[in-house]
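First the structure, in the form of structure tokens, and then the observations on it.
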Amino acid sequence: MFLVALVVPAAASALQLKDGDGTLVVTNGTAPRGTPVVTLVIKGAAIGHLDAGRVVIQDLVPNDPNSPEVTGFSWKRDSQDLTETTYGGVGQNFRFRAVGGAYKITIYGQGVDLVASGTGNVVLAGSPDAGGTDGKYSLNGQDFRSLPDTPTKQLQIGVSNGSTG
């Protein structure tokens, strides 16, 4: 929650939403091992933090001038074809930022905080065993809701022009 309090004003002042852009905010998200809390495909920006887990980032336009940044990770692994990178770690400083491009970001773990803006889609999941303590999300400015026990269908962020790349 601390990250969201810091990131939302910073992201709002640093990025101007364009017509059709939407938003996604996830606070303190947690899902069972092997289930992503967030699977996000977005053209725009995503900034986040997690207490423990892993983040898989695929830059959908790899030769553009925008590159994702990840800090505080314990380990890093590139796919064999170099199309995606997985970062893992534990701790307050495990953060990522993917701004100004098109990305697929999959986040597994605990204590996931995320702020995203742009157009795209997302699948969200919580933990069926958490009893409402597995986090909350807000999509496109709607009220916060508890993360669902099972993965959602694809949810739309903003108004897509049919392309995320």
Original post:
Nearest 0.5 Å, what's the CG-OG distance between D134 and S146?
Top reply: 5.0 Å
Subject >> Interatomic spacing from CD1 in I157 to CD1 in I42 - rounded to 0.5 Å >> reply: 4.5 Å
**OP:** Heavy atoms only: give me the nearest Q156-N140 pair and the separation to one decimal.
**Re:** O-ND2, 3.0 Å
**OP:** Determine whether P32 and P128 make a side-chain contact, defined as any pair of heavy atoms from C-beta on separated by less than 4.5 Å.
**Re:** yes
Original post:
What pairs with Q92 under side-chain hydrogen bond (donor to acceptor under 3.5 Å, both in side chains), at least two apart in sequence or on another chain?
Top reply: none
Original post:
Which pairs count as side chain to side chain donor-acceptor pair (under 3.5 Å) when at least one residue sits in residues 51-66, sequence neighbours excluded?
Top reply: none
Original post:
Which residue pairs satisfy the ring pair (Phe, Tyr, Trp, His ring centres under 6.0 Å) criterion with at least one member in residues 57-83, sequence neighbours excluded?
Top reply: F73-Y87
**OP:** Kindly write out the residues that satisfy side-chain contact (heavy atoms from CB on, under 4.5 Å) with D143, not counting sequence neighbours, or none if the list is empty.
**Re:** none
Subject >> Residues F144, V25; criterion side chain to side chain contact (heavy atoms under 4.5 Å, CB included); working and verdict >> reply: CA-CA 9 Å; F144 277 88; V25 179; 3.8 Å; yes
**OP:** Under the side-chain hydrogen bond (donor to acceptor under 3.5 Å, both in side chains) rule, collect the residues that match up with Y108, sequence neighbours excluded.
**Re:** none
Original post:
Taking the hydrophobic residues Ile, Leu, Val, Met, Phe, Trp and Tyr, and joining any pair whose side-chain heavy atoms are under 4.5 Å apart, which ones share a cluster with V90?
Top reply: none
Subject >> Student check: side-chain heavy atoms of V56 and T85 closer than 4.5 Å >> reply: no
**OP:** Specify the closest pair of heavy atoms between A125 and T35, including all atoms of both residues, with the distance to one decimal.
**Re:** CB-CG2, 3.9 Å
Original post:
With a 4.5 Å limit on heavy-atom distance, are the side chains of P68 and F96 in contact?
Top reply: no
**OP:** Please lay out, stage by stage, how V70 and I57 fare under the test side chain to side chain contact (heavy atoms under 4.5 Å, CB included).
**Re:** CA-CA 10 Å; V70 182; I57 301 177; 3.8 Å; yes
Subject >> Euclidean distance, L60 CG relative to T83 OG1, rounded to 0.5 Å >> reply: 9.5 Å
Original post:
Can you name the side-chain contact (heavy atoms from CB on, under 4.5 Å) partners of A46, sequence neighbours left out?
Top reply: L40, I105, L114, A116
Original post:
Pick one: which of V55, V37, T30, N28 meets side-chain contact (heavy atoms from CB on, under 4.5 Å) with L50?
Top reply: V55
**OP:** For residues D21 and T23, determine if any side-chain heavy atom of one lies less than 4.5 Å from a side-chain heavy atom of the other.
**Re:** no
**OP:** Would you mind listing every salt bridge (Lys or Arg N to Asp or Glu O under 4.0 Å) that reaches into residues 76-92, with sequence neighbours excluded?
**Re:** none
Original post:
Looking only at heavy atoms, what is the nearest atom pair of S74 and G89, with distance?
Top reply: OG-CA, 3.5 Å
Subject >> Partners passing side-chain contact (heavy atoms from CB on, under 4.5 Å) against T152 (at least two apart in sequence or in another chain) >> reply: V123, L124, P148, L155
Subject >> Partners passing side-chain contact (heavy atoms from CB on, under 4.5 Å) against R97 (at least two apart in sequence or in another chain) >> reply: I47, E69, V99
